[in-house]
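Worksheet for the structure shown next.
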Amino acid sequence: MDHATLRTTPLENFPPPEQWDHWEELDAKAWPRRVTKQYSLVPTICFNCEAACGLIAYVDKSDGHIQKVEGNPFHPGSRGRNCAKGPATINQVNDPERILYPMKRIGARGSGRFERTTWDEVLAILGARIRKAIVEGRKTEVMYHVGRPGHDGYIERVLQAWGVDGHNSHTNVCSAAARLGYTLWSGYDRPSPDYENAKFTLLLSSHLETGHYFNPHAQRIIDGKMKGGKLAVCDIRLSNTASMGDYWLAPRPGTEALMLLGFVHVILREDLVDWTFVQDWVEWRAYQKAKGRSETFAAFQQDLAADYAFATPAHVAEVCGLDAALVEQIGREIGQAGSAFASHVWRNAAAGNEGGWATARCLQFVSVLVGAVGSLGGTAGAGTNKFVPSPFSKPRPQDVWSELLYPREWPLAHHELSYLLPHLLKSGRGHIDTYFTRVYNPVWTNPDGAMWIEALSDESLVGCHAVLSPTWNETARWADFVLPMGHATERHDLMSQETHAATWIGFRQPVHRVLAERQGKKITWTYECNPGQVWEEDEFWIALSWQVDPDGSLGIRQHFESPYRKGERVTVEEYYQWIFENSVPGLPEAAAKLGLSPLEYMRTHGCFLVQDQVYKTHEAELPRGDYEVDAERGEVKQGGKVVGVYAGGKARVGFPTQSRKLELFSQTMVDWGWPELASPVYVESHIDEGKLDRQKGEMVLVATFRLPTLIHTRSANSKWLTELSNTNPVWMHPSDAARLGVEMGDLLRVATRTGYYCNVVWVTEGVRPGLVACSHHMGRWAVKGDAVGGNHWQLHDVDLRKVTDTAYLMRRVKPVGAFASQDKESEKVWWHSGGVHQNMTFPVQPDPVSGMHCWHQKVVVTAAQPGDRYGDVFVDTKKSMEVFEEWLAKAHPAGEYGVDGLRRPLHLKRVCRPTDAAFQL
Ligand code: SF4
């Protein structure tokens, strides 16, 4: 992408990139006077969700103030279009209650009392602790726990340089289930649909396209519709996306996988299958062999149809509570769209249900049958539409395994069992010496928040806790250090996401630093330019790693030495300079055409299109080599190991599975104790209709959605976002409201296994009868009297007290409302709810296969009881542990199941993968 290419964008009125260094426009606020202002336009990347849209900061050249933040029209993924959360970055930057300096605790942990400290002191204390743990061989006692990730691979490199097994993520409260379902098919753990060219799109999504994940997707879904494509949305709630659909499917929660098998049935019965694709690219022989059947393709075709003959539209309609004719019609339309069928599931049913991972598996089954894999208008593996360049040094994998991250009960878990950390710690399974939470708020975001409070309060379980966050959060109260990290305009990260059939990189930048450097100033650390002493993780980890190994004797320092200046500490600029010069194909040439270095190119443009029109990567030919080809079986081997697929008369790379084909049958599932789940099946959920006691008033609570204007923790420091969305009532169908005798706005008590919360009801036909739904992105709180806090645009003060040895009651003592601050608009806050916190009342429910927390809750909903108040939250952690033990008993632990004494199959991905030896029990 060069300047000439950039100018072909339809957004012709946007300042041309040649003028970004100096741009003049009238100051809107000075009107009617005509006051001209000079700006430096600095591209960066939004940090408010994973989509990594491009932003442009207008930085006032006179004082370094950011005037506004707009979309970057030249960004290949977002194309200048952002959701509300992108421009709202400026609110986060200017939030009058920001934590601007590093803080350290001065009272007991959890007392809410902190004082200012220095970065030097923070580095010295944390560096010494980590060094001691490493030297003493306690390499599983340092843990980094991420909420919102940034640069792919950056922290993994740091942790592996330290030799610790310490990477924890939020993924098992988010997407781990869907990832497992996709992985079992293709080795790619997430989908990348080509919506723009789809003739039919099917979304199982409660918030992907409602603006949370992937505004770049949302715009392409609409592009596809504008071209005549059809859109079906499966969501038990009428989401924004569903409201744009041609079809809204609201099956009984937990039955979605069966609905998908209904489509499979129709496609098979109507012979709408792309059999050529299936014959070449599906490992159908293993499916036949496992069932003791003939291994001819003709037999397979017949057997497959027979295997899914049970999923008739009539049967599906009965179990799922759908219209049989609709199941028939959608199945047929998907079949007719063929390879131009795009689909996506991420959270939604996958995240809600026991067996939710099977939803992704069944959805991909539909795509596979119609040949819509990696095709124009189909769905590719995300790994083919994402570009992650390599850094200048790669440490060797760690040789230890932390059972706090990957406990043996869930050998197939796609990611760490992150949300069980307090339960594991309190069960005596380990200890953490030094714990980092990074843009992560488990006390509030995770289920069972009171368990987190108890674990983090106990210094024998967590020795030292440092919160790295751009904003105050509930978890910070139980920290020893609160370390302010930058927003989208205050940090470096290299980003890439699977927004469409292309690969690109985007460069997040600290815009004040970029302006200072454009003005010729020499900067050592980014916090010298940011507001207060807000820092960025990239530099923090470099500095901390030097502190851990100052003389290089531990072999750590070498990974943080400059690739350009021997023996000296690498700068953040050099880190990226090396990547842009050596790891991004085409970037050096594109930069040279403009007379720029690769780093200058990225500083100036903020993004680079690596490859456009990426389709059918599985068909790429293998490099020349000495292969054994079995044309009959479509196998390409090397040294007896399958390394590719023989199709169309050529040796091709195939998919990153063991067979290099799409795996309809999983030997891994058989080997690890789940033979009945080896092929795409419907797994009955924990909230299946048959498990509800309707006589007792049980309903399903759907808590897996959010309003599209909200982030998890970080929207509360945006006045614009909070003004847009400031309450999260409980959605209820009019028939249920009539049954319960409640009306719009009445107070409800929603009781879970471990507690209850009180919230008002919103009566709407936009939700399926028999269930309730409540967005989980509201109800931020601070304990009254704490010396440090923030986010009062949305956050209310509470009294949090223990009412028994194990039970807590949280009650709000001050509603949201006008408050005094440097921002005069804080005195105009007109809303007073701020929403209700519900996640604390959810027990953990780890899926026995994927390990994913099953978010849907079996609840009893009643009108409020005497003494209940809006916002009340009650929970008993004794019951939390009981529910944890119940779900634990469902798992199939490594050792009892599995092969070769392994903790986990060697071929299954693992974040920060240790050595093979560490996989041994
Ligand atoms: S979708 Fe919205 S929040 Fe997400 S990166 Fe894009 S602008 Fe930011």
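Start at 1 and go down the list; that is how both ligands and their atoms are numbered.
Listed by atom number, the atoms of ligand 1 under 4.0 Å from K85 heavy atoms are 3 (S). Atom numbering of ligand 1 starts at 1 in the shown order; those under 4.0 Å from a heavy atom of C53 are 1 (S), 5 (S), 6 (Fe), 7 (S). Heavy-atom contacts of N48 reach the following atoms of ligand 1: 3 (S) (cutoff under 4.0 Å). Close contacts of ligand 1 with G86, meaning ligand atoms under 4.0 Å from a residue heavy atom, involve 7 (S). Less than 4.0 angstrom separates some heavy atom of C46 from each of these atoms of ligand 1: 3 (S), 5 (S), 7 (S), 8 (Fe). Listed by number with element, the atoms of ligand 1 under 4.0 angstrom from any heavy atom of A52 are 5 (S).
When the side-chain contact (heavy atoms from CB on, under 4.5 Å) test is applied to V911, the partners found at least two apart in sequence or on another chain are E156, H167, Y406, H415, E416. With sequence neighbours excluded, the residues forming a salt bridge (Lys or Arg N to Asp or Glu O under 4.0 Å) with R603 are E573, listed by chain and number.
Proximity of the aromatic rings of Y419 and H853 is defined here by a centroid distance below 6.0 angstrom, and this criterion is met. For F608 and F580, the ring centers sit 6.0 Å or farther from each other. The aromatic ring centroids of W855 and F705 lie 6.0 Å or more from each other. The aromatic ring centres of H776 and H712 sit less than 6.0 Å apart.
Put simply, C49 stays out of reach of atom 8 (Fe) of ligand 1, with no N, O or S atom under 2.8 Å from it. At least one N/O/S atom of C83, whether from backbone or side chain, sits less than 2.8 Å from atom 2 (Fe) of ligand 1.
Using a non-hydrogen distance threshold of 4.0 Å, S78 does not register as a contact of ligand 1.
Side-chain atoms of N441 and T475 form a donor-acceptor pair, as typed in the model, at a separation below 3.5 Å.
The option from T499, I711, N215 that lies nearest to atom 1 (S) of ligand 1, judged by heavy atoms, is N215.
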